[in-house]
Enquirer: 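Have a look at this one before I ask anything.
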Amino acid sequence: MLDLEIKHCPAIVYRPIRPSDLQVLELIHASLFPVSYGREFFLNLVNGLGIVSWGAVDINRPDGHNDELIGFVTTRIITVKESEIKNLLRYDASRRNQTLVYILTLGVVEQYRNLGIASSLVREVIKYASSITSCRAIYLHVIAYNQVAIHFYQKMLFRLERKLSKFYYINGHHYDSFLFVYYINGGRSPCSPWNALALVAAYLRGLVRILATMLWKGGDKRNSRWSRCKENSSLSVTKNKKILTDENSICQTV
């Protein structure tokens, strides 16, 4: 198990996870995640029983552990019909073979972070899932307080679709979770709450611009007429224009 700072130039290679990785995987999971994973999970993982995974190794390690895992991602294929995000997809009941890829765990040991390993592992998942014609999306859950993970998946263009209250129960405490989805092969959300809010906001901004333009043109016409009158009348029009501009900017901000 790696326990030293990196003092060399890493050469990262990605490979399938094998039975010989069992002990290292158990140790890394225990050190990285607050959730405990049973022995059966790891046995299924290293033997590829219902779990598809990728591992990262540094073949340039000076300690000789060139084939020891320093990062990994584990996934499972499930059907859309049996998933919790069925209502987020344009699900076609006539196509019963539609599937999803669920990311179970993703981790990189601390010494090897910020080298792009996690991003490369996720890209392997995206490439794999995209090659499955029946697959419509990749999704996962992130515990609400893990801001690093939240930022990472947003950077990888996963969409935050839902907040799940008290999703995790760890050491006697409940924690919320965020649901992230990466749509592929034509799968997409018909209208999530986040998208609905964005559409409403865009519509209101457009409506305000149209009304402001109409009112502004009306003000220009009045200005040309009032310009022939007294100076104090002309000042009144200028004042009204300022109020209109202020209100318009406030509406756009909201």
Side-chain angles (χ1 to χ4, degrees), residues 2 5-6 10-17 21 24-37 41 45 51-58 68-78 83-85 88-89 100-132 135-168 170 174-185 187-189 192-195 198:
L2 182 69
E5 292 184 1
I6 296 179
I12 309 301
V13 173
Y14 302 91
R15 64 164 175 78
I17 291 178
D21 298 316
V24 171
L25 277 171
E26 289 181 314
L27 289 173
I28 298 178
H29 275 75
S31 66
L32 295 182
F33 305 118
V35 179
S36 298
Y37 294 86
F41 167 79
L45 168 56
I51 298 177
V52 181
S53 59
W54 293 261
V57 298
D58 177 8
E68 183 174 290
L69 292 180
I70 48 90
F72 56 84
V73 61
T74 66
T75 68
R76 187 191 304 277
I77 298 176
I78 62 174
S83 76
E84 63 189 284
I85 68 167
L88 292 177
L89 298 161
L100 301 165
V101 170
Y102 180 65
I103 295 181
L104 298 164
T105 60
L106 168 67
V108 177
V109 298
E110 185 175 359
Q111 295 87 340
Y112 279 89
R113 292 176 187 171
N114 300 316
L115 296 177
I117 297 173
S119 300
S120 295
L121 288 168
V122 170
R123 281 193 287 268
E124 288 294 329
V125 176
I126 294 173
K127 182 170 65 174
Y128 165 74
S130 299
S131 70
I132 304 173
C135 187
R136 293 294 173 263
I138 304 160
Y139 77 106
L140 58 106
H141 297 93
V142 176
I143 198 164
Y145 62 71
N146 193 342
Q147 293 299 317
V148 174
I150 291 169
H151 175 72
F152 168 76
Y153 285 111
Q154 289 175 328
K155 184 183 71 173
M156 296 298 296
L157 303 181
F158 280 71
R159 287 173 51 175
L160 173 56
E161 292 286 8
R162 187 179 293 167
K163 182 178 181 180
L164 305 172
S165 179
K166 298 180 179 180
F167 182 82
Y168 291 106
I170 305 171
H174 289 282
Y175 297 92
D176 296 342
S177 168
F178 289 115
L179 173 68
F180 282 91
V181 183
Y182 187 99
Y183 297 99
I184 57 173
N185 296 334
R188 59 188 176 197
S189 173
S192 71
W194 304 93
N195 294 336

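Residue numbers run from 1 in the order of the sequence given.
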Enquirer: Output the distance between atom CG (Leu140) and atom CG (Leu106), rounded to the nearest 0.5 Å.
Expert: 8.5 Å
Enquirer: Quick one: are Leu104 and Leu45 in side-chain contact, heavy atoms under 4.5 Å?
Expert: no
Enquirer: Does a donor on one side chain sit under 3.5 Å from an acceptor on the other, for Glu161 and Tyr183?
Expert: yes
Enquirer: Heavy atoms, side chains only, cut-off 4.5 Å: are Val101 and Tyr182 in contact?
Expert: no
Enquirer: Examine Tyr153 together with Phe158 and report whether their ring centres are nearer than 6.0 Å.
Expert: yes
Enquirer: Under 4.5 Å between any side-chain heavy atoms of Ile12 and Ile70, yes or no?
Expert: yes
Enquirer: For the residue pair Ser83 and Ile78, what are the closest heavy atoms and their distance?
Expert: CB-CD1, 3.7 Å
Enquirer: Can you tell me how far apart CD1 (Ile77) and CD1 (Ile138) are? Round to the nearest 0.5 Å.
Expert: 11.0 Å
Enquirer: What's the spacing between Ser36 OG and His29 NE2 if we round to 0.5 Å?
Expert: 11.5 Å
Enquirer: Using the six-membered ring wherever Trp is involved, compare the ring planes of Phe178 and Phe180 and label them parallel, tilted or perpendicular (cut-offs 30° and 60°).
Expert: perpendicular
Enquirer: Which atoms form the tightest heavy-atom contact between Asn185 and Arg136, and what is the distance?
Expert: O-NH1, 3.5 Å
Enquirer: Quick one: closest heavy-atom pair of Ser119 and Lys155, and the distance?
Expert: OG-NZ, 4.1 Å
Enquirer: Just jot down the side-chain contact (heavy atoms from CB on, under 4.5 Å) partners of Val52, sequence neighbours excluded, or say none.
Expert: Trp54, Thr75, Tyr128
Enquirer: Taking all atoms of both residues into account, what is the closest heavy-atom pair of Asp176 and Ser165, and its distance?
Expert: OD1-CA, 3.3 Å
Enquirer: Taking the side chain as every heavy atom from C-beta outward, state whether Val122 and Phe152 have any atom pair closer than 4.5 Å.
Expert: yes
Enquirer: Has the side chain of Thr74 got a donor or acceptor atom that lies under 3.5 Å from a matching backbone atom of Thr105?
Expert: yes
Enquirer: Does a side-chain heavy-atom distance below 4.5 Å link Leu88 with Leu179?
Expert: yes
Enquirer: Out of curiosity, Ile103 CD1 to Leu121 CG, how far, rounded to the nearest 0.5 Å?
Expert: 9.5 Å
Enquirer: Are Tyr168 and His141 close enough that their ring centers fall under 6.0 Å?
Expert: no
Enquirer: Minimum heavy-atom separation for Phe72 to Ile28, with atom names?
Expert: CE2-CG2, 3.3 Å
Enquirer: Give the minimum heavy-atom separation between Gly55 and Leu69, together with the two atoms involved.
Expert: CA-CD2, 3.7 Å
Enquirer: In chain order, what residues pass the side-chain contact (heavy atoms from CB on, under 4.5 Å) check against Arg113, with sequence neighbours excluded?
Expert: Leu32, Val108, Glu110
Enquirer: Among residues at least two apart in sequence or on other chains, which ones pass side-chain contact (heavy atoms from CB on, under 4.5 Å) with His151?
Expert: none
Enquirer: Less than 4.5 Å apart, any side-chain heavy atom of Arg15 and any of Asp21?
Expert: yes
